[in-house]
There are 2 protein chains.
Amino acid sequence: MNVRTLCLAILSFGDATGYEIRKHSVEGNFSYFVDASFGAIYPALNRLTEDGLVTVRDELQAGKPARRVYSITPEGRRALMDALMQEPGLDSFKSPFLLVAMFASVLPREHVTRAIDCREAALERTLSSLSECLGEVKGCGAGGSEWILRYGIAVHQASLDHLRVNRAELEAVAGSRRVEREAAE
Amino acid sequence: MNVRTLCLAILSFGDATGYEIRKHSVEGNFSYFVDASFGAIYPALNRLTEDGLVTVRDELQAGKPARRVYSITPEGRRALMDALMQEPGLDSFKSPFLLVAMFASVLPREHVTRAIDCREAALERTLSSLSECLGEVKGCGAGGSEWILRYGIAVHQASLDHLRVNRAELEAVAGSRRVEREAAE
DNA sequence: ACGATATATATCGAACCGATATATGACGAA
DNA sequence: TTCGTCATATATCGGTTCGATATATATCGT
């Protein structure tokens, strides 16, 4: 999934600034399955503008920096549809927490516990945010958006449930190789 | 999570070639929560070698290309521990399938159905692979590895279950805006 | 002979990240 | 009053990573 397609997708719902596009990819309906940095969004928007898939207009606003508002063109809509008609590639998932969990036996127990706590909190925040988006989208005929939000809620809830039920086991593993290592040294 | 840390982590379990490191990140215990391309692994290994965190020896083998086998140094082990002692950052998750699902209403039903089928197949493959890894790891005292494999199985199973139970709804959404669009044109 | 697969190494240009910079304003704490 | 934080905004940089490609050797099937 490239950032050009993501920008087109977000703009297909309505005009937006680069900042707002980034915001959509961090909060809102898209947020749990996409991400893109400013460092990628602005160059992508520039390329899309050069290619005629997007137009941009400047808006001055008192008291704030000027806004550059991007709009998708009909050609941009066609390009988005083309991209969506490709066979979707594989999910990408990377988790620093799980790398830490894998090495729990050689890490201090407090560190592992803290990592688990952070993860629980992060999952709770995500679930809260997805539920909020679902509340706004429900009944608006936005079937696809509603479906992916329910999917996200189900998966993150399962993740949180498993973590809570099984955290004690991970904590029991934590530090279990410490004594051995110290004795060997 | 950067590729240097990932290489150190994989090498901490035993010496490996660049090819094998890539293989570990695509199959095996690590596979569902990490990924790295050859384009990233080889430069990372070179930097790790320059920095003294890893050593490399050449092995000739009849009938095959020569192997460059990398080993982690004691300094490399310390660097790995340091990295693991940092607070883990957020998960990264990107899903082209979910982008397609979000736009299901403007996509042909057959395309959406195919995308769902591919996703089911991919989830089944992942579950099968994780279960296999779990069978090999069980009882070996590799507590952290066992824990993350069980976590991965739980989450991917929940994902597959939800997909199977709710695919009909997504299929019902698919193409639902087609008639409207054609009428408007 | 060619393509696919496996074991291996390596690199390239394009894309992306994370950090940083800049601008304006509001608000709260020292 | 100043500073830090937060929010709305734009933009860019150097380093990292990706995806494609190339190379080498061997085996197998069409």
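Below, chain A is the first sequence line, B the second, and so on; all start at residue 1.
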Below 3.5 Å is the cut-off: list the nitrogen or oxygen pairs between protein and nucleotides 12-15 of chain D, distance only.
none

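- Note on Glu171(B) versus Arg167(B): salt bridge recorded, some NZ/NE/NH1/NH2 to OD/OE distance being below 4.0 Å.
- The nearest whole Å value for the distance from the CG atom in Asn2(A) to the P atom in dC17(C) is 11 Å.
- Looking at the side chain of Tyr19(A), the nearest of the listed nucleotides dC16(C), dA7(D), dT17(D) is dA7(D).
- Between dC16(C) and Lys94(B), no contact under 4.0 Å exists linking OP1 or OP2 to a side-chain N or O.
- Of all nucleotides listed (dT17(D), dA8(C), dA9(D)), dA8(C) comes nearest to the side chain of Arg67(B).
- Closest heavy-atom contact between Ala16(B) and Ile21(B): CB-CG1, 3.9 Å.
- Ile21(B) has its CD1 atom 13 Å from the P atom of dT17(D), to the nearest Å.
- Pairing each heavy atom of Leu8(A) with each of Ala79(A), the nearest pair is CD1-CB, 4.2 Å.
- The nucleotide whose nearest atom lies closest to any side-chain atom of Arg47(B) is, among dG18(C), dT16(D), dT7(C), dT16(D).
- Going from atom CD1 of Ile41(B) over to atom P of dA8(C) covers 14 Å, rounded to whole Å.
- Rounded to whole Å, the distance from NE2 on His24(A) to P on dA9(D) is 12 Å.
- Heavy-atom neighbours of Glu87(B) CD from other residues, nucleotides or ligands within 6.0 Å: at or below the threshold of 12.
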* To do: Test Val56(B) against Leu45(B) for side chain to side chain contact (heavy atoms under 4.5 Å, CB included), laying out the working first.
  => CA-CA 9 Å; Val56(B) 61; Leu45(B) 285 172; over 6 Å; no
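- Set against dT10(D), dG18(C), dT17(D), the side chain of Arg68(A) has dT10(D) as its closest nucleotide.
- For the pair Glu59(A) CD and dT10(D) C1', the computed distance is 14 Å after rounding to whole Å.
- In this structure, the CG atom of Leu45(B) is 15 Å from the P atom of dA8(C), given to the nearest Å.
- The residue Thr17(A) sits close only to the backbone: its heavy atoms come under 4.0 Å of sugar-phosphate atoms, none of a base.
- Counting to the nearest Å, the P atom of dC18(D) and the CZ atom of Arg4(A) are 20 Å from each other.
- Among the atoms of the strands shown, none is found under 4.0 Å from any heavy atom of Arg22(B).
- By the 30° and 60° cut-offs, the orientation of the rings of Phe13(B) relative to Phe30(B) is perpendicular.
- Atoms NZ (Lys23(A)) and P (dA7(D)) sit 8 Å apart, rounded to a whole Å.
- Counting any heavy atom pair closer than 4.0 Å across all strands shown, Ala36(B) reaches sugar-phosphate atoms only and no base atom.
- A side-chain N or O of Gln157(B) and one of Asp161(B) form a donor-acceptor pair less than 3.5 Å apart.
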